[in-house]
Amino acid sequence: MRKSIVLMGTLLLFIGCIEKKKSPPEMNEAVEKATDTVQKQVRKMEALAVTPDGSYFKATGTEPFWGLKILENSVELNMMEDTIYTPHAEPIKAQDSNISMYRIQTEAVELDVIIAHKECTNAMSGEKSPYTVTIAYKRTGDEETHALEGCGTYITDYRLHDIWVLEEMDGEMVSAADFNGQDVPNMEININNNRFSGFSGCNRMTGGLFYEKDVLRFTQIAGTKMACPGMDKESKFLQNLQASTQYTIANNRLTLSNGSKENLLIFKKID
């Protein structure tokens, strides 16, 4: 009996020592909160759905089957029996409608590609595309001009697929203090579905992307309706975002501009 009491006492003393070595509850809670904050800040981008191949526009057609790729330096027209390669040419744009025409002539072929911003439905799959494509080509020595019709889409610049944090607005650096001590505006651009979402300074925001070569517009911008003190900076940010039509990417920076004003917004890549 006496041995049992001594053994029990020793065990209780040992457990007491272990408890003293444990961190206080306040410290454990602080560590958990810090860890949770870090996990929230680490955001992973969704992987690209398609591997970039250098093309900024693609089109396909049936009867006969064909595929078109327009790259920065070349144009490729792939058909069942042959492939036509030509240098790139700057498109001729219609002033009164969103139509672009590539007119290319080499020693081997004459090629015209007309891209119209008009919804198109694939004759076999039923898949819809935002652009209707008409192609006419004639090889040197041939009398006949061949015509092809199909559907196409612009391939959004893969470099946009990232998380961006606002660094400058209208040429001036920004900080959390400009937005009531909260985070500065930031957004995640997903080119797999041409959507963006993020934080505008007080509210959450979301919207779509319209992309063509050298053209980027943020469309259908919507947000929550929270009220914060001094929302003028958020209003200006959203105004500049909606006004932007052009972009450049360099040195991990995304710069948004339009025809009348440069450096509306400059974002820094964070992941």
Side-chain angles (χ1 to χ4, degrees), residues 46-161 189-196 208-220 245-247:
E46 177 184 331
L48 289 172
V50 179
T51 302
D53 62 0
S55 59
Y56 67 82
F57 186 85
K58 288 185 178 181
T60 58
T62 59
E63 298 180 3
F65 289 99
W66 58 269
L68 174 76
K69 291 199 300 185
I70 302 180
L71 301 88
E72 292 288 345
N73 299 314
S74 63
V75 176
E76 300 177 11
L77 176 59
N78 297 284
M79 296 167 288
M80 296 291 289
E81 72 284 355
D82 192 14
T83 299
I84 295 175
Y85 296 95
T86 73
H88 182 273
E90 287 302 314
I92 303 168
K93 293 184 176 290
Q95 293 183 351
D96 56 348
S97 59
N98 193 351
I99 298 177
S100 299
M101 181 175 70
Y102 294 79
R103 173 153 285 178
I104 304 168
Q105 184 171 358
T106 69
E107 293 182 356
V109 67
E110 295 178 10
L111 176 67
D112 286 347
V113 178
I114 299 175
I115 302 172
H117 192 195
K118 178 181 178 183
E119 187 177 89
C120 177
T121 303
N122 185 284
M124 293 190 67
S125 68
E127 181 180 358
K128 295 185 182 297
S129 300
Y131 295 87
T132 298
V133 180
T134 304
I135 298 174
Y137 68 93
K138 178 181 178 183
R139 292 183 177 85
T140 301
D142 290 352
E143 295 184 0
E144 182 180 2
T145 298
H146 304 275
L148 302 169
E149 293 185 353
C151 306
T153 186
Y154 283 89
I155 311 302
T156 307
D157 189 338
Y158 73 92
R159 298 174 301 167
L160 291 165
H161 189 80
I189 297 178
N190 188 331
I191 71 166
N192 291 333
N193 55 14
N194 276 345
R195 301 285 300 174
F196 75 93
L209 299 179
F210 174 86
Y211 180 85
E212 291 185 354
K213 186 177 183 295
D214 300 326
V215 175
L216 176 66
R217 294 205 300 267
F218 294 82
T219 64
Q220 300 174 329
T245 58
Q246 301 165 342
Y247 78 100

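Excluded from the calculations below are hydrogen atoms, water molecules and symmetry mates; all remaining heavy atoms, backbone and side chain alike, are included.
Salt bridge annotation for D112-K138: absent, with no cationic side-chain nitrogen under 4.0 angstrom from a carboxylate oxygen.
Summarising the geometry, atom CD1 belonging to I84 is positioned 12.0 Å from atom CH2 belonging to W66; distances are rounded to the nearest 0.5 Å. Note that CD of Q105 is 10.5 Å distant from CD of E107, once rounded to the nearest 0.5 Å. Atom OG of S129 sits about 7.5 Å away from atom CG of N122, to the nearest 0.5 Å. The distance from atom CD1 of I104 to atom OG1 of T86, rounded to the nearest 0.5 Å, is 3.5 Å. Note that NZ of K213 and CG of L216 are 14.0 Å apart. Values are rounded to the nearest 0.5 Å. We find the CG-OH distance between D82 and Y137 to be 8.0 Å, quoted to the nearest 0.5 Å.
Judged by distance alone, the side chains of Y247 and Y211 do bring a donor and an acceptor atom under 3.5 Å apart. Between the side chains of N190 and E46, at least one donor N or O lies within less than 3.5 Å of an accepting N or O.
A side chain to side chain contact (heavy atoms under 4.5 Å, CB included) with F196 is found for one member of I191, T219, L209 and no other, namely L209.
Between H117 and T132, every side-chain heavy-atom pair lies at or beyond the 4.5 Å cut-off. F57 places none of its side-chain heavy atoms less than 4.5 Å from the side chain of V113. Contact annotation: the side chain of N78 never approaches that of F65 to less than 4.5 Å [non-hydrogen atoms, C-beta and beyond].
Within 6.0 Å of CD on Q246 lie more than 12 heavy atoms contributed by other residues, nucleotides or ligands. In R195, the CZ atom is crowded: over 12 heavy atoms of neighbouring residues, nucleotides or ligands sit closer than 6.0 Å.
Side chain of D53 to backbone of S55: a donor-acceptor contact under 3.5 angstrom is found.
Ring-centre distance between F210 and F218: not below the 6.0 Å cut-off.
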